[in-house]
Asks: 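The structure that follows is given in the form of C-alpha cells.
Keep in mind it's a predicted model, so treat the numbers as computed, not measured. Residue numbering restarts at 1 for every chain, and letters A, B, ... go by the order of the sequence lines.
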Amino acid sequence: MSEKIVLIDGHSILNRAFYGVPDLTNAEGLHTNAIYGFLNILFKILEEERPDYLTVAFDVHAPTFRHKMFSDYKGTRKPMAEELRQQVPVMKEVLRAMKIKIVEQKGLEADDLLGTIAGIGERAGMDVVILSGDRDLLQLATDHVKIRIPKTKQGKTEIEDYYAADVKARYQVTPQEFIDLKALMGDASDNIPGVPSIGEKTATKIITEYGSVENAYAHVEELKPPRAAKALKEHYDKAQMSKILATIEVNAPISYELSEAKIGNLYTEEAYEYFQKLQFKNLLGRFDVEAKGNQIENAFVRVTDKQQAEELFARAGKEAFVGVSFGKEEKDAVPLFSHSSGFGSVGLAFSEKEIYTIVAEGELTMEDLFSLVETLAKTTVVALFDVKAALSYVRIEDPESCFDVGIAAYLLNPLKSDYTWLDVAAEHLSLLIDEKTEGYCRSCYEAYVIWAAAAVLEEKMKESGTEELFRTIEMPLLFTLFAMEQAGVRVEAEALRFYGEQLGTKIVELEKEIYAQAGEAFNINSPKQLGVILFEKLKLPHGKKTKTGYSTAADVLDKLAPEYPVVEKILEYRQLTKLKSTYADGLANYICADGRIHGKFNQTITATGRISSTEPNLQNIPVRMELGRLIRKVFIPEEGYVFVDADYSQIELRILAHCSGDQELIHAYREAKDIHRITASQVFHTPFDEVTELQRRNAKAVNFGIVYGISSFGLSQDLSITRKEASEYIDRYFETYPGIKKFLDDTVAHAKEMGYVVTLFGRRRPVPELASSNFMQRAFGERVAMNAPIQGTAADVMKIAMIGVHRELTERKMKSRLVLQVHDELLIEAYEEELEDVKKILKEQMEQAAQLDVPLEVDMHTGRNWYEAK
DNA sequence: TCGCTCACG
DNA sequence: ACGTACGTGAGCGAA
C-alpha cells in the first residue's frame with residue numbers, strides 16, 4: 001500500500017472551529033474554542049486516514065503575490081475577530097508541541113502551499129488528503145488527491161470527500177475547469193469579482209460547453225444566453241483577473257522536506273502540558289505518558305488508627321499551614337457512633353509527600369477528627385474550602401488561623417460561576433483530576449489541592465494586591481456571615497399564610513375578570529399565551545418583540561394600561577402572583593422549626609464584591625410598592641427584642657465623589673442633604689429652592705445613570721425622553737462636574753490598558769469585554785468598568801462595617817445580633833435593653849468604616865417588625 | 001435547561 | 001449600523 005499524507009488548511013479549519021464551537025476560555029481568560037475544535041477534527045481525521053505524514057499550512061498575514069497584483073480586490077478582507085486572532089499563535093505552539101510540521105511562507109497563501117505540497121506528495125507516489133473548509137481547494141482534486149470539506153449539518157460535523165470524479169459529479173466540471181467556473185461566477189467570500197451578472201447556473205453551462213474562460217471568449221459570439229455573451233465581452237479583463245486570483249499555485253518555490261512531516265508520537269509531554277493549560281480535559285485521555293497526578297497519588301495514605309491519626313495531626317501542627325478536607329462517609333466503614341454531619345473522613349495534606357485520609361472507623365469518631373482539626377487551627381493555619389460551611393462542625397475562632405481557598409480564588413477572578421476544588425486545581429495548579437475519583441483517593445486529592453493551592457493563591461494575591469483585602473475583610477467577614485446564617489431571621493408563619501390567602505382570593509377574582517375581557521381562559525403567566533391574546537386576538541398595538549414572541553414586560557404593558565383596562569388587570573395579576581408564589585408561599589417553605597429563616601449569604605458569587613443571598617433570597621423582599629411592602633410585617637424580632645434598620649444614604653454617589661475628587665460634588669455633599677436637588681440646581685442653573693419636582697427627578701435619574709456607566713439610551717429609556725434630550729442632560733452633568741467625567745474616562749482607559757478595574761480596597765474585576773471585537777460587548781465593558789469600582793467599593797465599605805458591628809456586639813457579649821444585609825442596609829435584632837448601644841454601634845461602625853472626602857451618612861429606624869423599621 | 005419576568009440594591 | 005443602563009435570585013412556562 002502506498003504511503004499517505006494529510007494536509008490541513010490551518011486558518012480555514014481554525015476559522016470553522018471558531019464559529020462552530022461555543023466560546024470557551026481557560027483559566028487565564030484565553031479563548032480556546034477554535035483550538036479545541038481544530039484538535040477534535042484533527043484527531044478525527046487522523047483516526048480515519050491513518051496517514052504517515054502530516055502538515056498544517058498557515059497564511060502569513062501579509063499581502064501575497066497573487067493579490068498584490070490586484071490589491072483593490074483582496075485588500076478589503078474583514079479583520080479577524082480578536083477572540084480568534086489570539087488563538088492562532090497558541091494553536092501553532094500546540095502543533096509544534098505535538099511535533100507536527102507547520103508550513104507558512106511570506107508571499108504565499110496556505111492554498112498555494114497546500115497545492116504545491118500536494119503535488120510533491122503525489123509525485124512521490126503518495127495518497128494525498130487535503131482538509132479545508134474552502135471549496136477553492138477542489139481544483140486540486142485528482143485520482144490520488146482527495147479534498148475533504150467538513151460541513152455542519154444539524155449540529156453534527158459531516159465531511160464531504162472529493163476526488164476528481166466527485167468534483168465532476170457535483171459540479172459537472174473537472175477540477176481544472178473549476179477554476180474557470182470560479183473566474184466567471186466569482187466568489188464574494190474570497191473577493192474574486194467574477195463577471196457581473198453571471199452566476200453559478202450560467203457559469204456552469206458555459207464551462208461545461210467550452211471548458212475554459214479563454215475558449216469561451218474565443219466563441220463569445222455563439223454564447224448563450226446573449227446576456228452572458230455581452231457580459232463576458234465587456235468584462236473579459238475581469239474574467240482573466242479572476243482566473244488568476246482563483247488559480248492555486250502548485251509549483252511555488254518552497255523548501256519542503258517530506259521527512260520533516262513524518263508523524264511521530266503526537267502525545268508528547270509538552271503537548272500534555274499545553275492541554276492541561278488550555279483545560280482540554282477530555283482530550284487528555286489520549287496521553288499515556290505518566291500523568292502528573294500519578295506521582296501525587298503515590299503519596300496517598302489511608303489511615304484508620306486513632307493513635308496514628310493523633311500523631312499525624314501533631315506533625316501537621318508544626319507546619320506553616322495544612323490543607324484539610326472533609327470526605328463523605330464510606331459505605332463499608334463501621335463507626336461505633338453515628339454522626340449527623342454526613343462526613344466520614346478528614347483529608348490532611350502538609351507537604352508534597354504527606355497526604356492522608358483519616359477515616360472515622362472503629363474507635364475513631366468523626367467528632368474526634370473535628371476536634372483534632374480545631375486543635376490544629378490553634379497552632380497553624382488550616383486551609384479549607386468553604387470555611388463558612390465548615391464552621392458548622394469545627395469551631396474555629398480566629399480568621400487568622402484559617403485560609404479559605406474558594407474565597408482566595410474568587411478574589412483573583414470573581415467572574416467564574418463556581419469555585420470548586422477541582423476548578424482551582426485545574427486553574428491554579430494545572431492539575432486535572434478525574435471527577436469520578438472516589439473514596440480516600442478523592443479526599444487525599446482534595447486535601448492536597450487545598451494545601452498546594454493555598455500557597456499559590458496567597459502568592460498570587462500578594463502579586464495582585466488583593467492579599468490585604470483577603471486577610472482583613474473577606475476572611476473576617478466569613479465569620480460574620482456564619483453568625484448571621486446561624487441567627488436567621490424570625491418570620492411569623494401564620495401571618496404569612498394569611499397574607500398568601502388574601503392574595504389568593506384577589507388573584508382568583510382578577511383571573512375571572514381577565515378571562516371575561518379576553519373572551520377565553522388562558523394562562524396569564526405564560527408570556528407566550530398572553531402575547532397571542534393581547535396582540536393577536538385583541539389586536540392591541542405591540543411594542544418591542546423578544547426572540548420568542550411579543551414582549552409583555554411591565555414597561556410595555558404600562559404604556560397600554562391607561563387605554564386598555566384589561567392590561568391594567570394583567571399588571572395587577574402579575575404583581576399579585578409574584579407576591580404569592582415567590583414571597584408568601586416561597587418564604588413559608590424556608591421557615592425552620594425555630595420559627596426562623598436561615599438563608600445563605602454567599603461570598604463568592606458577584607462580579608463586583610457584593611454579597612448575594614439565596615435559599616431564600618432575603619435581599620429582594622418587596623419594599624417599593626405598598627402591597628408588597630406589607631410582607632415585611634411578618635419579619636419580626638424575638639420577644640424582648642426590636643429591629644433596628646440602618647442604611648447608608650447614597651453610598652455609591654458619595655464614593656464616586658470621593659474617588660473622582662470632583663470638588664463641586666464633594667462640596668455639595670458636605671453642604672446639604674438633598675443631593676438630587678443640588679444636582680438639579682447646578683445642572684439646570686436654577687436656584688436651589690426653585691428646583692421643580694421634574695428637575696429633581698431628572699437629576700436623580702442622571703445620578704443613578706452615572707453610577708451604572710451612563711449611556712444616553714439607557715437614560716432616555718428610564719426617563720421616557722428622547723436620546724437627544726438624555727444626551728443633553730449628560731453633557732450638562734459633565735459640564736457641572738468635570739471631575740466625574742475625567743474620573744470615568746480615566747477608569748475606562750485604565751481598564752482597557754490593564755484589563756481590569758479595581759476598588760478603593762484593592763478588589764479587582766477583570767473586564768475581558770473591552771478586548772472584544774464586538775461593538776456591543778465593548779460598550780458593555782465600558783459601562784462595567786465605570787460601575788464596578790463604585791459598586792465594589794460600596795460593597796467593601798459595607799463589609800468593613802459588618803465586621804465592625806459584629807465584632808462590637810460579640811466582644812461586648814451583647815445579645816443583639818446582625819440578621820440581614822441588603823447591600824447598603826443592615827438589619828439588627830436588638831435586645832431591648834441594648835437598643836441605645838446598638839444604635840451607637842451601628843452608626844459608629846457604618847459611618848467610620850471608611851474615611852472618605854465626603855461624610856458617610858446612615859439613616860436608622862427602629863420597629864417591632866421590618867415594615868416599621870424601614 | 002433556557003428565556004422571560006420581576007423582586008431588590 | 002450596531003441596540004444598552006450596573007449588580008443579583010426565584011418562579012414559571014415551554015421545550
Side-chain angles (χ1 to χ4, degrees), chain A residues 414-415 522-531 544-558 570-571 573-587 589-590 599-602 605-625 627-629 631-632 647-648 650-652 656 701-719 723 726 730 757 765 767 769 772-792 794-795 798 820-826 870:
Chain A
L415 299 186
F522 64 101
N523 189 339
I524 309 166
N525 274 326
S526 159
K528 196 177 167 190
Q529 292 183 37
L530 181 61
K544 51 187 171 181
K545 279 195 161 187
T546 63
K547 282 171 218 159
T548 47
Y550 307 96
S551 169
T552 65
D555 60 329
V556 176
L557 298 192
D558 273 337
I570 289 165
L571 285 166
Y573 174 89
R574 276 232 180 110
Q575 202 193 346
L576 263 51
T577 50
K578 172 90 177 180
L579 288 173
K580 181 158 162 59
S581 65
T582 306
Y583 299 104
D585 302 346
L587 288 177
N589 291 327
Y590 287 99
K600 285 168 72 176
F601 290 103
N602 314 296
I605 301 287
T606 70
T608 53
R610 276 187 175 181
I611 291 162
S612 102
S613 164
T614 50
E615 299 173 58
N617 182 353
L618 294 169
Q619 291 179 323
N620 71 346
I621 305 300
V623 69
R624 293 174 189 167
M625 307 282 277
L627 182 64
R629 191 175 191 145
I631 207 166
R632 293 180 173 230
D647 71 293
Y648 279 115
Q650 292 147 353
I651 185 169
E652 291 183 343
L656 178 63
V702 178
N703 276 333
F704 267 96
I706 293 290
V707 171
Y708 291 159
I710 195 110
S711 75
S712 56
F713 182 87
L715 184 64
S716 71
Q717 285 292 296
D718 191 53
L719 287 176
R723 276 184 67 166
I730 295 168
V757 288
R765 167 168 183 174
V767 194
E769 294 87 354
S772 168
S773 55
N774 178 297
F775 173 86
M776 276 305 297
Q777 289 271 305
R778 262 197 327 274
F780 173 72
E782 288 171 9
R783 295 196 295 271
V784 160
M786 292 188 257
N787 169 265
I790 303 170
Q791 189 182 122
M798 178 51 112
L820 295 180
Q821 186 255 36
V822 194
H823 310 307
D824 65 350
E825 168 192 359
L826 293 178
K870 178 79 185 150

Asks: Report which part of the nucleic acid A/Glu652 touches: base, sugar-phosphate, or nothing (heavy-atom distance under 4.0 Å, all strands).
Replies: nothing
Asks: Can you give one letter per nucleotide of nucleotides 1-8 of chain C, going 5' to 3': B for a protein heavy atom under 4.0 Å from the base, S for sugar-phosphate only, - for none?
Replies: -BBBBBBS
Asks: Can you tell me which nucleotide in B/dG9, C/dC12, B/dC4 comes closest to the side chain of A/Pro527?
Replies: B/dC4
Asks: How long is the line joining CZ of A/Arg624 and C1' of B/dG9, in whole Å?
Replies: 7 Å
Asks: Mind checking the P distance from B/dC6 to C/dG3? Whole angstroms is fine.
Replies: 23 Å
Asks: Between C/dG13 atom P and A/Lys528 atom NZ, what is the distance in whole Å?
Replies: 14 Å
Asks: Of all heavy-atom pairs between A/Arg574 and A/Leu557, which one has the smallest distance, and what is that distance?
Replies: NH1-CD1, 3.8 Å
Asks: Under 4.0 Å, heavy atoms only, any strand: does A/Ala795 hit a base, just the sugar-phosphate, or nothing?
Replies: nothing
Asks: Base, sugar-phosphate, or nothing for A/Glu825, non-hydrogen atoms under 4.0 angstrom?
Replies: nothing
Asks: Quick one: is A/Gln529 getting a side-chain N or O under 4.0 Å of the C/dA14 phosphate, OP1 or OP2?
Replies: yes
Asks: Quick one: pull up CD in A/Glu652 and CG in A/Asn787 and give me the separation to the nearest 0.5 Å.
Replies: 7.0 Å
Asks: For A/Ala584 and A/Ile631, work out which heavy atoms get closest and say how close.
Replies: N-CD1, 4.0 Å
Asks: Run the side-chain contact (heavy atoms from CB on, under 4.5 Å) test on A/Thr608 and A/Arg765 for me, step by step, so that the C-alpha distance in whole Å, both residues' side-chain angles and the decisive distance to 0.1 Å come before the verdict.
Replies: CA-CA 7 Å; A/Thr608 53; A/Arg765 167 168 183 174; 3.9 Å; yes
Asks: Specify the separation, in whole Å, of atom CG of A/Leu576 and atom P of B/dT5.
Replies: 19 Å
Asks: Does A/Ser526 put a side-chain nitrogen or oxygen below 4.0 Å from OP1 or OP2 of C/dA14?
Replies: yes
Asks: Between P on B/dT5 and CG on A/Asn523, what's the gap in Å once rounded to a whole number?
Replies: 14 Å
Asks: Let me have DNA chain C in dot-bracket notation, would you? Count Watson-Crick plus G-U wobble pairs, both distances under 3.5 Å, and use [ ] for pairs crossing earlier ones and | for inter-strand partners.
Replies: .....|||||||||.
Asks: Give the rounded distance in Å between these two atoms: CD1 of A/Ile524 and C1' of B/dC6.
Replies: 16 Å
Asks: Would you measure the distance from the C1' atom in B/dT5 across to the matching atom in C/dC2 and give it in whole Å?
Replies: 26 Å
Asks: Return the value, rounded to whole Å, for the distance between atom CG of A/Leu820 and atom P of B/dA7.
Replies: 20 Å
Asks: For the residue pair A/Leu415 and A/Ala607, what are the closest heavy atoms and their distance?
Replies: CD2-CB, 3.7 Å
Asks: Do you know the tightest heavy-atom contact between A/Pro622 and A/Leu579?
Replies: CG-CD2, 3.7 Å
Asks: Indicate the atoms forming the closest heavy-atom contact of A/Leu715 with A/Ala726, along with that distance.
Replies: CD2-O, 3.7 Å
Asks: What's the shortest heavy-atom distance between A/Gln529 and A/Asn523, and which atoms?
Replies: OE1-N, 2.9 Å
Asks: Whole-Å distance between B/dC4 P and A/Asp555 CG?
Replies: 14 Å
Asks: Do any N or O atoms from the side chain of A/Thr614 and from the backbone of A/Asn617 form a donor-acceptor pair under 3.5 angstrom?
Replies: no
Asks: Rounded to whole Å, how long is the line connecting atom NZ of A/Lys580 with atom P of B/dA7?
Replies: 17 Å
Asks: CG of A/Leu820 to CZ of A/Phe601: how many Å apart, nearest 0.5 Å?
Replies: 5.0 Å
